[in-house]
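In what follows, every heavy atom counts, from backbone to side chain, and hydrogens, waters and symmetry copies are set aside. Counting from 1, the numbers follow the sequence of the chain as shown.
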Amino acid sequence: LKQVGPYRILKQLGSDFSGTLFQAVHTESDAQVVVRLFSARVMSGNEERDRWRMAGKAATELDHPNLQRIIAMDSDEDRPYLVMEYIDGYSLRAQLEERGHLPQLEVVDIMLQAGEALAYGHARDLIHGNLRPSHMIMDSQKRVRLVGLGTPKQIHKDLRLMANQIGTTSIPLYAPPEILIDERDADERTDVYNLAAVGYHLLTGRAPHSGSDLMQAGFRSALQDILPPEAIDPTISKYMNRLLLRALQPDPHDRYETMDSFLVDLRKCRAGLLAHVMDIPEIASDLPAGRRVARDRRKKYAPRRQFLT
């Protein structure tokens, strides 16, 4: 493939169940961009195509320093493609593969930047719903940029497509239990869980849960407590431990109600880490009873690397 619309292909960046990602350059302006050429299975039918065209047009109006900019949604020989800003940087997936896990303060800074972008989307009735390390890019200015906010998602359908493509490979799951049942249940608390799950992985070196079957892993997470971060790494602060456990509650009603309220406690965590405070009792003080530690799972585990989505 040499060209898509007015964009000359430079190289393939990757591919997944939704299509193929290319680095490209506009033939007239020489502007570098990223082009996602969608697979036929994602664009199945006129209704799906119209849905993407409408979402693509709306996404071009989003403007936030922690978001990857959507430039255009178009089609080439009746095959839809999405044009996005090219970001010179690296994904958090690459960072996890290289470093295993990150220091607490660095993780909090990443979560704060990502949370600000998600809150911006929530104010415009947009839920990401599919945040993962590969969707978070650190640019050349050390600024976190989120990929995919404003693009339509059918989480339940998409995860099944991923499972069919990947087969029995063990991969972490960052999605909360409720949207694996029905993505229409997604709201701000979905992204709270999603961001906390990524933060948990960045902090401990392992995802909150994983399994060979995506759907099985997701439903299992609703039935058991997640291993507390401090059980994996005892140097993790008590307030960071509580904050993540509250945000990762399987019942949405037990999580932070909004991204803004989650950000309030994240900022307190950052201040506490900078001041080397041992504990800040007011952070996640209302963690549901019986959820402060995982039942019968107090064994200390060394951080481990996992395949990243």
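Taken together through direct or relayed side-chain contacts under 4.5 Å among Ile, Leu, Val, Met, Phe, Trp and Tyr, Leu82 and Leu13 form part of one hydrophobic cluster. Under the 4.5 Å side-chain contact rule for hydrophobic residues, Met278 and Leu287 do not share a cluster. Both Leu274 and Leu203 belong to a single network of hydrophobic side chains, linked directly or stepwise wherever heavy atoms of I, L, V, M, F, W or Y lie under 4.5 Å apart. Under the 4.5 Å side-chain contact rule for hydrophobic residues, Ile283 and Leu273 share a cluster. Residues Tyr90 and Val147 are members of separate hydrophobic clusters, defined by side-chain heavy-atom contacts under 4.5 angstrom among Ile, Leu, Val, Met, Phe, Trp and Tyr.
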| message | The test is side chain to side chain contact (heavy atoms under 4.5 Å, CB included); show your working for Asp74 and Val4 and say whether it passes. | response | CA-CA 10 Å; Asp74 211 332; Val4 176; over 6 Å; no
| task | Would you check, one step at a time, whether the test side-chain hydrogen bond (donor to acceptor under 3.5 Å, both in side chains) holds for Gln104 with Ser237? | result | CA-CA 8 Å; Gln104 284 188 86; Ser237 64; 3.1 Å; yes
| Glu188 vs Glu257, side chain to side chain contact (heavy atoms under 4.5 Å, CB included): CA-CA, chis, key distance, verdict | CA-CA 7 Å; Glu188 288 192 42; Glu257 290 187 6; over 6 Å; no
| message | Determine whether Val108 and Met240 satisfy the following criterion, side chain to side chain contact (heavy atoms under 4.5 Å, CB included), listing intermediate values before the conclusion. | response | CA-CA 9 Å; Val108 170; Met240 274 296 292; 3.5 Å; yes
| said: The test is side chain to side chain contact (heavy atoms under 4.5 Å, CB included); show your working for Lys11 and Phe22 and say whether it passes. | reply: CA-CA 6 Å; Lys11 64 179 180 179; Phe22 299 98; over 6 Å; no
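Applying the 6.0 Å contact sphere to CD of Gln12 captures more than 12 heavy atoms from other residues, nucleotides or ligands.
Here Leu248 contributes atom CG and Arg246 contributes atom CZ; the two are 12.0 Å apart, rounded to the nearest 0.5 Å. Taken from CD in Gln95 to NE2 in His101, the straight-line distance is 12.5 Å, to the nearest 0.5 Å. For the atom pair Leu102 CG and Leu105 CG, the distance stands at 11.5 Å (nearest 0.5 Å). Note that CD1 of Ile110 is 5.0 Å distant from CG of Leu92, once rounded to the nearest 0.5 Å. The distance from atom CE of Met136 to atom CE of Met111, rounded to the nearest 0.5 Å, is 8.0 Å. In this structure, Cys269 SG and Leu263 CG are separated by 11.5 Å, a value rounded to the nearest 0.5 Å.
Between the side chain of Arg145 and the backbone N or O of Pro65 there is at least one donor-acceptor pair closer than 3.5 Å. A donor-acceptor pair is defined here as one N or O able to donate and one able to accept, closer than 3.5 Å; no such pair exists between the side chain of Arg8 and the backbone of His26. Side-chain atoms of Asp191 come within 3.5 Å of backbone atoms of Gly129 as a donor-acceptor pair (strictly under, hydrogens ignored). Remark: the backbone N or O of Arg99 is not paired with any side-chain donor or acceptor of Glu97 at under 3.5 angstrom. At distances below 3.5 Å, not a single donor-acceptor pair connects side-chain atoms of Asp279 with backbone N or O atoms of Lys238. In this structure, the side chain of Asp76 does not engage the main chain of Arg79 through any donor-acceptor pair within 3.5 Å. No donor-acceptor pair closer than 3.5 Å links the side chain of Arg93 to the backbone N or O of His135. The backbone N or O of Val144 sits less than 3.5 Å from a side-chain atom of Asn66, completing a donor-acceptor pair.
Between Leu21 and Val34 there is a side-chain heavy-atom pair separated by less than 4.5 Å. Side-chain contact between Gln3 and Ile9 is absent, with no heavy-atom pair separated by less than 4.5 Å. Side-chain contact between Ile71 and Arg69: present, with at least one pair of heavy atoms (C-beta onward) separated by less than 4.5 Å. Within the 4.5 Å cutoff, the side chain of Val33 has no heavy atoms near those of the Glu85 side chain. A 4.5 Å side-chain heavy-atom check between Leu146 and Gln68 finds every atom pair outside the cut-off. At least one side-chain heavy atom of Tyr200 sits under 4.5 Å from a side-chain heavy atom of Ile232. The side-chain heavy atoms of Tyr174 and Asn130, taken from C-beta on, include no pair separated by under 4.5 Å. At least one side-chain heavy atom of Gln113 sits less than 4.5 Å from a side-chain heavy atom of Arg143.
By the 4.0 Å N-to-carboxylate-O rule, Glu116 lies close enough to Arg267 to be salt-bridged with it. A salt bridge does not link Arg242 to Asp265: none of the charged side-chain nitrogens sits closer than 4.0 Å to a carboxylate oxygen. The existence of a salt bridge linking Asp109 and Arg270 is confirmed by a sub-4.0 Å separation between a basic side-chain nitrogen and an acidic carboxylate oxygen. Salt-bridge annotation for Lys268 and Glu282: present, with a side-chain N of the basic residue lying under 4.0 Å from a carboxylate O of the acidic one.
Contact record, Pro229 with Ile236: O-CD1, 3.5 Å, taken as the closest heavy-atom pair. The two residues Ala114 and Leu195 come nearest to each other via the heavy atoms CB-CD1, 3.8 Å. For the pair Gly199 and Val107, the tightest heavy-atom approach, listed with the atom from each and the gap, is O-CG1, 3.7 Å. Considering all non-hydrogen atoms of both residues, Leu244 and Ala196 come closest at CD2-O, 3.7 Å. Nearest heavy-atom pair, Ser15 versus Thr20, reported as atom, atom and distance to 0.1 Å: CB-OG1, 4.0 Å. Pro133 and Ser91 make their closest contact through O-CB, 4.0 Å (heavy atoms, listed as atom of the first residue, atom of the second, distance).
Looking only at atom types and distance, the side chain of Asp233 has a donor-acceptor partner in the side chain of Thr235 under 3.5 Å away. Side-chain polar atoms of His128 and Asn194 form no donor-acceptor pair below 3.5 angstrom.
The aromatic rings of Tyr7 and Tyr81 sit perpendicular to each other, their planes meeting at more than 60°, with 30° as the lower class boundary.
Pairs engaging residues 228-257 under the ring-ring contact (aromatic ring centres under 6.0 Å, His included) rule: Tyr256-Phe262 [sequence neighbours left out].
The cationic atom of Arg189 (NZ for Lys, CZ for Arg) does not lie both less than 6.0 Å from the six-membered ring centre of Tyr193 and within 45° of the ring axis.
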